J.: 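Once you've had a glance at the structure underneath, I'll fire off some questions.
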Amino acid sequence: MEKEQKWHLKKQQDLLLEKALETLQEYILELAVQAGEDREYGETLWQEICGSAGLLQELAYYHDYGEFLCRYQVAGYTLADVLVWQVDHFKLYMDRPMDMNRYRRERLLLAAFHTLARLEKEPASLTGKIQAETGQDIP
């Protein structure tokens with residue numbers, strides 16, 4: 001009997017995990033639309049996030065609480081660090097039209113997840129950019 005109960009418990013846990021992942025996937029796809037991106041962009045980003053336990057945990061926390069957990073770090077950078085860099089970097093575009101990232105919170109959020117996923121794969125090239133690009137229009 002104990003073996004059967006364990007099997008049922010495992011099955012329930014698997015179903016809950018599957019439902020949670022579906023919810024997060026739909027969340028990413030909705031954010032992509034709100035950010036002015038297409039479904040393909042959302043699907044690609046979702047695959048990148050699913051490939052990283054740390055990013056998946058950060059996304060789940062953000063989905064549930066609307067703020068960054070900042071527990072996961074890549075090369076010393078958290079999701080919030082990447083977002084701050086992006087905002088600072090995009091200050092150069094303040095005279096651009098309304099379609100720039102500064103007007104779309106969703107686009108900045110998705111870009112932060114995408115950048116952290118890229119940082120996992122190629123830390124050397126991106127850490128150099130993050131450290132060198134201050135967002136100031138100074139040579």
Side-chain angles (χ1 to χ4, degrees):
M1 189 67 154
E2 185 177 311
K3 188 175 185 177
E4 187 175 321
Q5 287 176 336
K6 286 182 181 181
W7 182 84
H8 283 292
L9 181 60
K10 171 82 169 100
K11 192 71 171 166
Q12 285 179 318
Q13 290 172 336
D14 289 347
L15 289 172
L16 288 173
L17 179 59
E18 185 177 323
K19 178 66 176 158
L21 289 173
E22 287 173 6
T23 298
L24 292 176
Q25 181 180 19
E26 284 303 314
Y27 181 61
I28 286 293
L29 296 175
E30 287 173 24
L31 286 174
V33 169
Q34 292 171 10
E37 300 291 347
D38 60 19
R39 185 173 178 91
E40 184 178 333
Y41 172 84
E43 290 288 353
T44 300
L45 181 56
W46 172 246
Q47 293 305 315
E48 289 177 348
I49 291 170
C50 280
S52 168
L55 286 176
L56 198 52
Q57 183 182 31
E58 292 288 335
L59 176 62
Y61 190 87
Y62 188 86
H63 174 268
D64 291 350
Y65 299 102
E67 58 187 49
F68 297 125
L69 178 61
C70 290
R71 184 176 296 161
Y72 182 62
Q73 293 185 15
V74 179
Y77 295 101
T78 66
L79 198 56
D81 294 326
V82 170
L83 186 68
V84 168
W85 168 69
Q86 287 175 173
V87 170
D88 194 41
H89 179 74
F90 290 124
K91 284 180 187 175
L92 292 172
Y93 300 102
M94 293 302 257
D95 61 344
R96 299 281 173 99
M98 292 285 284
D99 63 337
M100 296 306 296
N101 286 349
R102 70 184 176 112
Y103 295 103
R104 294 203 177 151
R105 180 181 62 93
E106 296 84 4
R107 184 178 279 179
L108 281 169
L109 176 64
L110 294 176
F113 273 100
H114 179 74
T115 300
L116 205 56
R118 283 184 46 221
L119 192 59
E120 286 180 330
K121 294 177 180 136
E122 46 188 275
S125 65
L126 284 174
T127 55
K129 286 182 85 169
I130 291 171
Q131 292 168 358
E133 295 176 359
T134 64
Q136 298 177 3
D137 199 10
I138 302 170

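This structure is a prediction, so every number in the text was calculated from the model and none was measured. Computation of the quantities below employed the complete heavy-atom set of this structure, encompassing side-chain atoms and omitting hydrogens, waters and symmetry-equivalent molecules.
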J.: Tell me every residue that passes side-chain hydrogen bond (donor to acceptor under 3.5 Å, both in side chains) with Lys10, counting only those two or more places apart in sequence or in another chain.
T.: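 Residues passing side-chain hydrogen bond (donor to acceptor under 3.5 Å, both in side chains) with Lys10: Asp14.
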J.: Have a look at Thr115 and tell me which of Leu110, Val74, Val82, Leu79 forms a side chain to side chain contact (heavy atoms under 4.5 Å, CB included) with it.
T.: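 Option passing the side chain to side chain contact (heavy atoms under 4.5 Å, CB included) with Thr115: Val82.
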J.: Checking Phe68 now: which residues fulfil ring-ring contact (aromatic ring centres under 6.0 Å, His included) with it, not counting sequence neighbours?
T.: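 Expected list: Tyr62.
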J.: Any side-chain heavy-atom pair from Gln12 and His8 closer than 4.5 angstrom?
T.: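 No. Closest side-chain heavy atoms not under 4.5 Å.
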J.: Quick one: list whatever passes salt bridge (charged side-chain N to carboxylate O under 4.0 Å, His left out) with Glu30, sequence neighbours left out.
T.: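 Residues passing salt bridge (charged side-chain N to carboxylate O under 4.0 Å, His left out) with Glu30: none at all.
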J.: Which hydrophobic side chains are connected to Val33, either touching it within the sub-4.5 Å cutoff or through other members that do?
T.: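 Besides Val33, the cluster holds no residue at all.
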J.: Hydrophobic clusters join Ile, Leu, Val, Met, Phe, Trp and Tyr when side-chain heavy atoms are under 4.5 Å apart, directly or via other members; which others share one with Tyr61?
T.: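 Its cluster mates, by chain and number, are Tyr65, Leu69.
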J.: Decide side chain to side chain contact (heavy atoms under 4.5 Å, CB included) for Gln34 and Leu31; before the verdict, give the C-alpha distance in whole Å, the side-chain angles of both, and the deciding distance to 0.1 Å.
T.: CA-CA 5 Å; Gln34 292 171 10; Leu31 286 174; 3.8 Å; yes
J.: Mind checking side-chain contact (heavy atoms from CB on, under 4.5 Å) for Thr78 and listing every partner two or more places apart, or none if nothing turns up?
T.: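 side-chain contact (heavy atoms from CB on, under 4.5 Å) list for Thr78, sorted by chain: Cys70, Gln73, Ala80, Asp81.
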J.: Quick check: closest heavy atoms across Ile28 and Gly42, and the distance to 0.1 Å?
T.: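 Heavy atoms of Ile28 and Gly42 come nearest at CG2-O, 3.5 Å.
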J.: Sorted by first residue and then second, give each salt bridge (Lys or Arg N to Asp or Glu O under 4.0 Å) pair with at least one member in residues 54-71; sequence neighbours left out.
T.: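 Sorted pair list comes back empty.
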J.: With sequence neighbours left out, what residues match Tyr41 under ring-ring contact (aromatic ring centres under 6.0 Å, His included)?
T.: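 With neighbours one apart ignored, the set is empty.
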J.: Cluster question for you: counting only ILVMFWY and a side-chain heavy-atom cut-off of under 4.5 Å, with indirect links fine, are Leu56 and Leu29 together?
T.: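 No, Leu56 does not connect to Leu29 through the hydrophobic network.
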J.: Listed by chain and number, what are the side-chain contact (heavy atoms from CB on, under 4.5 Å) partners of Glu22, not counting sequence neighbours?
T.: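 Glu22 satisfies side-chain contact (heavy atoms from CB on, under 4.5 Å) with Glu18, Lys19 only.
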J.: Consider only side-chain heavy atoms of I, L, V, M, F, W and Y, link residues closer than 4.5 Å, and tell whether Leu17 and Ile49 are in one cluster.
T.: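 Yes, same cluster.
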J.: Would you please name every residue forming a side-chain contact (heavy atoms from CB on, under 4.5 Å) with Leu16, sequence neighbours left out?
T.: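 Testing Leu16 for side-chain contact (heavy atoms from CB on, under 4.5 Å), a comparison that skips the adjacent residues, returns none.
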J.: Look at the side chain of Gln86 and the backbone N and O of Ala112, then say whether any donor-acceptor pair between them is shorter than 3.5 Å.
T.: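 Judged by distance alone, yes, a pair lies under 3.5 Å.
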J.: Got a sec, which pairs hit salt bridge (Lys or Arg N to Asp or Glu O under 4.0 Å) with one end in residues 41-55, sequence neighbours left out?
T.: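 Output for this query lists Arg39-Glu43.
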J.: Throw together a table of side-chain donor-acceptor distances under 3.5 angstrom for residues 116-128, partners on residues two or more places apart or in other chains.
T.:
{"residue": "Glu120", "atom": "OE2", "partner": "Ser52", "partner atom": "OG", "Å": "2.6"}
{"residue": "Glu120", "atom": "OE2", "partner": "Tyr72", "partner atom": "OH", "Å": "2.2"}
{"residue": "Glu122", "atom": "OE1", "partner": "Ser125", "partner atom": "OG", "Å": "3.1"}
{"residue": "Ser125", "atom": "OG", "partner": "Glu122", "partner atom": "O", "Å": "3.2"}
{"residue": "Thr127", "atom": "OG1", "partner": "Pro123", "partner atom": "O", "Å": "2.8"}
{"residue": "Thr127", "atom": "OG1", "partner": "Ala124", "partner atom": "O", "Å": "3.3"}

